[in-house]
Amino acid sequence: MTVSAPLSARATARPLKDEEVARIRNDFPILETRVNGHPLNYLDSGATSQNPVSVMEAEQEFYEQRNAAVHRGAHTLAFAATEAFEAARATVAAFIGARTDEIVWTSNATEAVNLVAYSLSNASLGLGGEAAKRFRLGAGDEIVVTEMEHHANLIPWQQLALRTGATLRFIPVQDDGTLDLAAAGTVVGTRTRLLAFTHASNVVGTINPVAELVALARAVGALVLLDACQSVPHLPVDVAALDVDFAVFSGHKMLGPTGIGVLYAKAELLADLPPFLTGGSMITTVDMHTAEFLAPPQRFEAGTQRISQAIALAAAVDYLTETGMARIEAREAQLGHRLLAGLSDIPGVRVLGPGLGAERIGLASFDLAGVHAHDVGQYLDEAGIAVRVGHHCAQPLHRRLGVTASTRASTYLYTTTDEVDQFLATLREVAPFFGVRS
Ligand SMILES: Cc1ncc(COP(=O)(O)O)c(C=O)c1O
């Protein structure tokens with residue numbers, strides 16, 4: 001099969017070539033692994049990505065040469081650790097078009113969403129004083145999400161609604177896995193205080209029209225939070241150009257280690273928001289009854305930080321930048337096109353989400369008639385192929401699409417066309433193996 005057309009009109013850069021991908025793979029030792037007697041075919045980067053040697057070396061170098069707590073000690077090692085930690089913040093900020101003081105480290109994207117939800121909740125309790133009054137939520141206010149959210153960008157808002165008396169509403173998903181934008185225009189209204197939505201779906205792959213959604217929110221003075229977990233690793237993202245108020249993503253999905261996530265927030269919002277976690281490292285003066293807090297971002301970083309992880313994430317960002325995000329996006333668009341075209345050719349396969357030509361990232365989730373996703377996953381695993389099965393932390397979306405579970409194959413910059421083809425060829429064997437006729 002020759003597939004040369006890009007998946008999406010967005011991806012106009014020169015895609016990474018097969019020879020370049022072959023060189024990239026040399027940087028990822030785990031890709032040499034054999035699984036069940038077969039070369040590992042890792043198609044689960046949507047869940048977590050693999051690490052290049054430079055990322056592992058950055059973490060090791062920190063522990064071998066600079067390990068100390070940051071922003072505390074008056075010794076040389078503490079200065080070196082602080083310098084590397086803050087340089088990592090600057091690297092990540094530049095990567096997404098933010099200011100350095102607009103980057104708050106968290107453990108993962110889930111914690112970043114919770115940080116915003118709890119800060120708004122604290123403001124609603126009256127914390128943060130006059131400056132935080134504009135964040136107060138209560139009965140009559142509305143928080144809007146979409147029906148395609150990962151649970152990480154849904155449950156914190158359900159809980160915030162419960163704590164404040166606000167109402168949670170959602171923009172529905174259409175049969176083809178895209179948002180119903182006409183409905184969005186009526187769901188987002190004068191009561192809307194916050195609109196939280198995913199940039200790219202981890203299940204159906206849809207890339208949502210950020211500009212249109214931001215415009216709806218701006219028209220009613222609502223804040224916007226973008227879940228960028230599946231976009232920042234895969235396409236160029238400029239938060240200032242997108243004009244979102246908050247954005248969240250996780251290091252482990254973009255070649256970095258686990259344990260590090262990022263909250264981007266506009267400086268003027270961070271300046272007025274009360275903190276979520278409190279304790280050491282985020283204060284100026286403390287007495288037995290009160291505490292004064294540091295300026296952002298430190299105000300939101302209580303306790304000893306994830307120092308080696310932040311430094312390793314910066315190494316991951318350097319790797320992505322040197323490779324070129326636009327070229328990665330274009331490559332994954334080709335792989336995604338190949339995946340979709342191949343899946344659509346297999347009897348009994350129903351791809352969830354928009355078809356060829358739509359704005360999608362390079363992953364595909366599907367249902368294979370008559371075979372449970374766990375059986376599909378197990379059969380593929382026997383052949384060394386790693387995919388994700390289940391509801392991918394998006395139960396409402398699966399319910400909306402009429403399935404309880406699906407199988408997801410997701411690509412990244414190290415995925416080869418041969419791996420996509422091997423996956424498709426092996427998948428063809430699954431229904432006959434289980435005696436299912438289509
Ligand atoms: C779209 C999306 N949002 C949020 C998350 C949560 O990321 P984490 O578990 O790293 O916090 C994920 C992870 O699968 C995701 O794909």
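Whatever order the structure lists them in is the order used to number ligands and atoms, beginning at 1.
Centroid-to-centroid, the aromatic rings of H150 and H392 stay 6.0 Å apart or farther.
Under the ring-ring contact (aromatic ring centres under 6.0 Å, His included) criterion, F135 pairs with no residue, sequence neighbours left out. With sequence neighbours excluded, no residue forms a ring-ring contact (aromatic ring centres under 6.0 Å, His included) with H71. Contacts of F366 classified as ring-ring contact (aromatic ring centres under 6.0 Å, His included), with partners at least two apart in sequence or in another chain: none.
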Can you list every pair where an N/O of ligand 1 is under 3.5 Å from an N/O on the protein?
from     : atom 1 : to   : atom 2 : distance (Å)
ligand 1 : 3 (N)  : D227 : OD1    : 3.3
ligand 1 : 3 (N)  : D227 : OD2    : 2.6
ligand 1 : 10 (O) : S250 : OG     : 2.6
ligand 1 : 10 (O) : H252 : NE2    : 2.7
ligand 1 : 11 (O) : A109 : N      : 3.3
ligand 1 : 11 (O) : T110 : N      : 2.9
ligand 1 : 11 (O) : T110 : OG1    : 2.6
ligand 1 : 14 (O) : H150 : NE2    : 3.2
ligand 1 : 14 (O) : K253 : NZ     : 2.6
ligand 1 : 16 (O) : Q230 : NE2    : 2.8

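Between D18 and R23 there is no salt bridge, since none of the side-chain N atoms of the basic residue sits less than 4.0 Å from a carboxylate O of the acidic one.
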Kindly determine whether F293 and F300 satisfy ring pair (Phe, Tyr, Trp, His ring centres under 6.0 Å), including the steps that lead there. CA-CA 9 Å; F293 304 137; F300 299 93; 9.1 Å; no

